[in-house]
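Notes to accompany the following structure.
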Amino acid sequence: MSDVPAAPTEAPAAAPAAGDGESERYDPLSIEPRIAQRWFEERTYSLPTELRHDAPEDVHAPYYALTMFPYPSGDLHMGHAEIFSIHDALVRHLRMTGHTVLNPIGWDAFGLPAENAARTRGADPKAWTYANIEEQRSTIARLGYSFDWDTVLYTCDPAYYAWTQWLFLELFDAGLAYRREALVNWDPVDQTVLANEQVVDGRGERSGAEVQRVPRTQWFFRITDYADELLDDLETIDWPDRVKNAQRAWIGRSEGAEITFRTTDGDDEIVVYTTRPDTIFGATYFVFAPEHPTVTRRMAGDEAYDAYLADVSRRSDIERQAGKRGYRLPFEVVNPFTGEDIPAYAADYVLMDYGTGAIMAVPIGDQRDFEFAKQEGLEIRVIIHPTGPDGELLDPLDPATMDQAYVGPGVMVASGAYDGLPWEQAKERIVADVESKGWGSQRVNFRLRDWLISRQRSWGAPIPIVHCGSCGQVPVPLADLPVELPDDLDFQVQGSPLDQHPTFKHDVVCPSCGSEDATRDVDTMDTFVDSSWYFLRYLSPRDTERAWPTEAAGRWLPVEQYTGGVEHATLHLLYSRFVVKAMRDRGHVAADEPFQALLNQGQVIMDGASMSKSKGNLVVPGEVYETFGADTLRGTLLFASAPEDDIDWADVSPTGMHKWLSRVWRLTMAQLAREDVGDAAIDTAAAVTLRRATAEAIVGAGEDMAARKYNTAIAKMMSLTNAVLDATRAGRGGPEVREAIETLLLLLAPVCPFITEELWARLGHTASIHAERWPDADLSLLVDEEVELVVQVNGKVRGRVTVPAGADQPAAEAAARSDANVAQHLGDQVRKAIFVPDKLLNFVVDG
RNA sequence: GCGAGCGUGGCGGAAUCGGCAGACGCGCUGGGUUUAGGUCCCAGUGGGCCCAACGGCCUGUGGGGGUUCGAGUCCCCCCGCUCGCACCA
């Protein structure tokens, strides 16, 4: 860890300048780097280790504030500047309101870009990564974000990934990490398998390549064991609805039944999963996933089927969804309820890894089955008679004229004993009968799949397993962790460099039996494993004895406020929840959830489109802070909109923010100049007005800050600025003006830490403004003696009258009637009057 | 297709509980100071109409309907946009 780019180290400016009338201009570039340098070097915002690590019970108002650690792909971009500015305002405000804030930072430093840089440019992934980290770190320090620099961690550091490997072994020991063959997502561009969460619209999330389904033996984390809890506990956390909804949809709980079917020859039983057991009398055919084991066994050696299967497996998901290809199988299946023999198909619209990989097809009530039946000329049997909203019978269904399946309500027909029952009742009865006849059972199913964590890449944490010819999968002993990445990988090879390294794979003996018939697992873990637990490591980042101290985790977790991008809705945020729950069940944390509250910032875009170098619309933080300073950049981002809304850079004005900060600067300098010459005071009425404006700003900005509405908080500070300008227009000052200015600086400190630090010092304070408490408002100043009442006639504003605060309705009416314009609209038939004390009076008149 | 969310001046956006729509800023217009200019200060700024002026009237939060003394806010329908999921049985 070296230093911020050269800048003289010196104490905060005491009070130079402005001696002889000509006041010094606001020049952020001359004050910010010096202060930033000091904060970084002096670790100004680091918590003492004992507070973080041991978390004594009496630590005052502990608050774990976390922002998603960056991936070091280059310098910081506007999105980083936005989220860090939001996060830092939150953290600085919390400190001012008395909290002990844990505010760590680190880097999510494993990942493919480093490897690609190695392959295409011959860079060393480690050097590439750390160079980018250094660039980002220096920018973060320059922008004044008050992180605890003692906690810094890098997921690519062996001291970190040793414990990522420990985490893997914990899960392995718990039976939550397992290896199996499955049809997995293969990204042909990145040359690795991907988790379902990393496939979007059939394409690799990173590469954009069409993903293929291939069978492979891979490591999985059994996240599905926690499906119910992951769903239910969403109720207990304060996250944006869209993120919760995304997780609910991803987990995809559905209720239905498993029902056993039998082949007509009696050789095989096949279980299907259905959410509509009530429609079973309409099941006129049966479909297997092409790879279903019953089918592959029965069709073994059938060249035509092999050809079909090969064709299916060659297609990407996108191609498979383009149509409904099917293959008529040479056997039939018995519908247990009708006793009929129904034809069996293999079709790629049935997925092997959802439900049981086989379905009963009900064309009348399922759109996919309907389309396939039409295509193949299969029977579409009517088993439901549609009903309307009041249960009345509508026109019967006619398959000949229907162009889609019927999924609405109805009563059963042609369904034996169930005829005449509404479909919900039929469903209950049929499930009950299925169970009593031993044909199946009620069943909850999830869309969520186990988390595939193997990656055929080399800039990641190696999976700490040795494959032994006699012992099988053997965990690497804890004492031997980390399994370190070799630093002489050849990134020019086809496939995985780790796999082809001369010694990594083979230079190992079985930790259990000592056999030399053993190889290391050559895959690395998904980088989302690295980031699924980093918030725990922050508690004790240099610990060589354990991943994190359990007691400290008990006190600091869950993270009270997490800030970051919404793009992780079903990735990082879901995985972290799983890991915490699994670690809780292993006794390593007490919390049920990692992040109690979540705030997603909006995107920073340009002219309505996302920024990118290739579009030529990229604005980087450097352009802004090198011109106007970091305070202007931070203020601009916070003032532009509410944190969760997108910011279109084309719409915002760093110039406007800079002008306001200049005004604050001049305001303060002018007051200092006045005080130098003996300060003629503003008159009493102006003082009252200003003190009141000061109190209003404290209350208003405080409420907005607490609600994270930084845009309106800043608006209230601007109003206070205007009030100071109004009060001092005649060139006079006094204690009320100084109080107003000091208050303004205190309110602004979380947003613009540099200018406030500098001016605070110039006002004569020796301690940092950031060690000050949030000001208290004199609430008595906000109590009105008189209030302005809005007077309406038939809901339209016809006047305003001033009445004593707390005036009753008769008094208010009398005052209102004496207003000429009101009287003119009243006539004499006032039917009634609505009175909202101290606010509004509404006369209701006829006509 | 299903689910969720959002539509307010020229622009970004304000508006606890249903109670003065447009806070604050950008931009624009006019004026002033100084300067070569950016700068800085003051005033005005939703639309329309009446008035010499003070002021007043009408209208206005995507469109239509409803509830209410009163709707940007609540309810129904429609339109538009954004996001999530999408052959999940």
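Since we're looking at a predicted model, the values are computed, not measured. Per chain, numbering begins at 1; letters A, B, ... match sequence-line order.
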Practice task
With heavy atoms under 4.0 Å as the rule, sort A:T655 into base, sugar-phosphate or nothing.
Solution key: nothing
Handout entry: Length of the line joining A:N794:CG and B:rC58:C1', which is rounded to integer Å
Key = 16 Å
Problem - Residue A:T274, side-chain atoms from C-beta onward, closest of B:rA89, B:rG84, B:rG25 - result: B:rA89
Problem - Interatomic distance where CD belongs to A:E567 and P belongs to B:rC83 [whole Å] - result: 14 Å
Practice task
Ignoring hydrogens and angles, tell me if any N or O in the side chain of A:N185 forms a donor-acceptor pair with the backbone of A:L194 under 3.5 Å.
Solution key: yes
Problem - Rounded distance in Å - NZ (A:K796) to P (B:rC57) - result: 10 Å
Problem - A:L234 backbone acceptor or donor facing A:K244 side chain under 3.5 Å - result: yes
Exercise for the section: Using both distances under 3.5 Å as the test, list the Watson-Crick or G-U wobble partner of B:rC85, or none. Expected result: B:rG1
Practice task
For A:G323, report the nucleic acid contact type (base, sugar-phosphate, nothing); a contact means any heavy atom under 4.0 Å.
Solution key: base
Exercise for the section: Indicate yes or no for a side-chain donor-acceptor contact from A:T802 to the backbone of A:V787 under 3.5 Å, with no hydrogens or angles considered. Expected result: no
Problem - Gap between atoms CG and P, on A:D201 and B:rC83 respectively (whole Å) - result: 12 Å
Exercise for the section: For A:H568 and B:rG84, give me the distance from atom NE2 to atom P, rounded to whole Å. Expected result: 13 Å
Handout entry: Length of the line joining A:E371:CD and B:rC87:C1', which is rounded to integer Å
Key = 9 Å
Handout entry: Pairing nucleotide - B:rC17, Watson-Crick or G-U, each distance under 3.5 Å
Key = none
Completion exercise
Judged by whether its glycosidic angle lies within 90° of 0, B:rG55 is anti
Practice task
Kindly state whether the ring of A:W660 and the ring of A:F639 have centres lying under 6.0 angstrom apart.
Solution key: no
Handout entry: Aromatic ring proximity A:F372/A:Y345, centre distance under 6.0 Å
Key = yes
Exercise for the section: Could you check which of B:rC26, B:rA89, B:rA86 has an atom nearest any side-chain atom of A:T275? Expected result: B:rA89
Exercise for the section: Would you mind pulling out the nucleotide paired to B:rG27, Watson-Crick or G-U wobble, both distances under 3.5 Å? Expected result: B:rU45
Report all interatomic pairs (protein N or O, nucleotide N or O of nucleotides 7-13 of chain B) with separations under 3.5 Å.
unit_1 : atom_1 : unit_2 : atom_2 : d
B:rC11 : O2'    : A:D651 : OD1    : 3.4
B:rG12 : O2'    : A:A640 : O      : 2.6
B:rG13 : O3'    : A:N711 : ND2    : 3.4

Exercise for the section: Sort out the partner of B:rC40 for me: Watson-Crick or G-U wobble, both distances under 3.5 Å, none otherwise. Expected result: B:rG32
Handout entry: Within residues 719-731 of chain A: residues closer than 4.0 Å to RNA chain B (heavy atoms)
Key = A:S719, A:N722, A:R729
Practice task
Give A:H658 one of three labels, base, sugar-phosphate or nothing, depending on what nucleic acid heavy atoms sit under 4.0 Å from its own.
Solution key: nothing
Handout entry: Nearest to side-chain heavy atoms of A:R25, which nucleotide of B:rA89, B:rC26, B:rG38
Key = B:rG38
Practice task
Select base, sugar-phosphate, or nothing to describe what A:R253 touches, counting heavy atoms under 4.0 Å on all strands.
Solution key: nothing
Handout entry: Distance test, side-chain N/O of A:S254 to OP1/OP2 of B:rA89, below 4.0 Å
Key = yes
Practice task
Taking atom types as modelled, find out whether A:Q375 and A:E371 have a side-chain donor-acceptor pair closer than 3.5 angstrom.
Solution key: no
Exercise for the section: For A:E696 and A:L782, run side chain to side chain contact (heavy atoms under 4.5 Å, CB included): C-alpha distance rounded to whole Å, both residues' side-chain angles, the deciding distance at 0.1 Å, then the answer. Expected result: CA-CA 7 Å; A:E696 279 173 353; A:L782 301 177; 3.4 Å; yes
Practice task
State the pairing partner of B:rG7; accept Watson-Crick or G-U wobble contacts with both distances under 3.5 Å, and report none otherwise.
Solution key: B:rC79
Practice task
Indicate, with a heavy-atom threshold strictly under 4.0 Å, whether A:K716 touches base, sugar-phosphate, or nothing.
Solution key: nothing
Exercise for the section: Could you walk me through whether A:W451 and A:F220 pass the ring pair (Phe, Tyr, Trp, His ring centres under 6.0 Å) test, one step at a time? Expected result: CA-CA 5 Å; A:W451 175 14; A:F220 292 84; over 10 Å; no
Problem - Sidechain-backbone polar pair: A:D201 side chain, A:R203 backbone, donor-acceptor under 3.5 Å - result: no
Practice task
Could you tell me the separation between the CZ atom of A:R447 and the P atom of B:rC2, rounded to a whole number of Å?
Solution key: 18 Å
Problem - A:R663 side chain near B:rC41 phosphate (N/O to OP1/OP2, under 4.0 Å) - result: yes
Practice task
Kindly determine whether A:L725 and A:R663 satisfy side chain to side chain contact (heavy atoms under 4.5 Å, CB included), including the steps that lead there.
Solution key: CA-CA 9 Å; A:L725 282 170; A:R663 205 168 295 154; 3.5 Å; yes
Quick test: give all pairs of protein nitrogen or oxygen and nucleotides 18-22 of chain B nitrogen or oxygen below 3.5 Å, distance rounded to 0.1 Å.
unit_1 : atom_1 : unit_2 : atom_2 : d
B:rG19 : N2     : A:Q792 : OE1    : 3.4
B:rG19 : N2     : A:N842 : ND2    : 3.4
B:rC20 : O2     : A:R800 : NH1    : 2.0

Practice task
Classify the nucleic acid contact of A:V272 as base, sugar-phosphate or nothing, counting any heavy atom under 4.0 Å across all strands shown.
Solution key: nothing
Handout entry: Nearest-angstrom distance from the residue atom CG of A:D704 to C1' of B:rU16
Key = 11 Å
Practice task
Give the C-alpha distance, both sets of side-chain angles, the deciding distance and a yes or no for ring pair (Phe, Tyr, Trp, His ring centres under 6.0 Å) between A:W439 and A:F337.
Solution key: CA-CA 10 Å; A:W439 292 344; A:F337 275 75; 5.1 Å; yes
Problem - Close aromatic pair by centroid cut-off 6.0 Å: A:Y575 and A:H568 - result: no
Handout entry: A:K709 side chain near B:rA15 phosphate (N/O to OP1/OP2, under 4.0 Å)
Key = yes
Practice task
Indicate the ring-plane relationship of A:W665 and A:Y26, choosing parallel, tilted or perpendicular according to the 30° and 60° boundaries.
Solution key: tilted
Completion exercise
Residues A:I223 and A:R449: closest non-hydrogen pair is CG2-O, 3.4 Å
Exercise for the section: Describe the nucleic acid contact of A:D369 in one word from base, sugar-phosphate, nothing, applying a heavy-atom distance below 4.0 Å. Expected result: nothing
Problem - A:M718, nearest nucleotide to its side chain (from B:rA23, B:rG25, B:rG84) - result: B:rG25
Exercise for the section: Considering just the side-chain nitrogens and oxygens of A:R248, establish if one lies under 4.0 Å of OP1 or OP2 belonging to B:rC2. Expected result: no
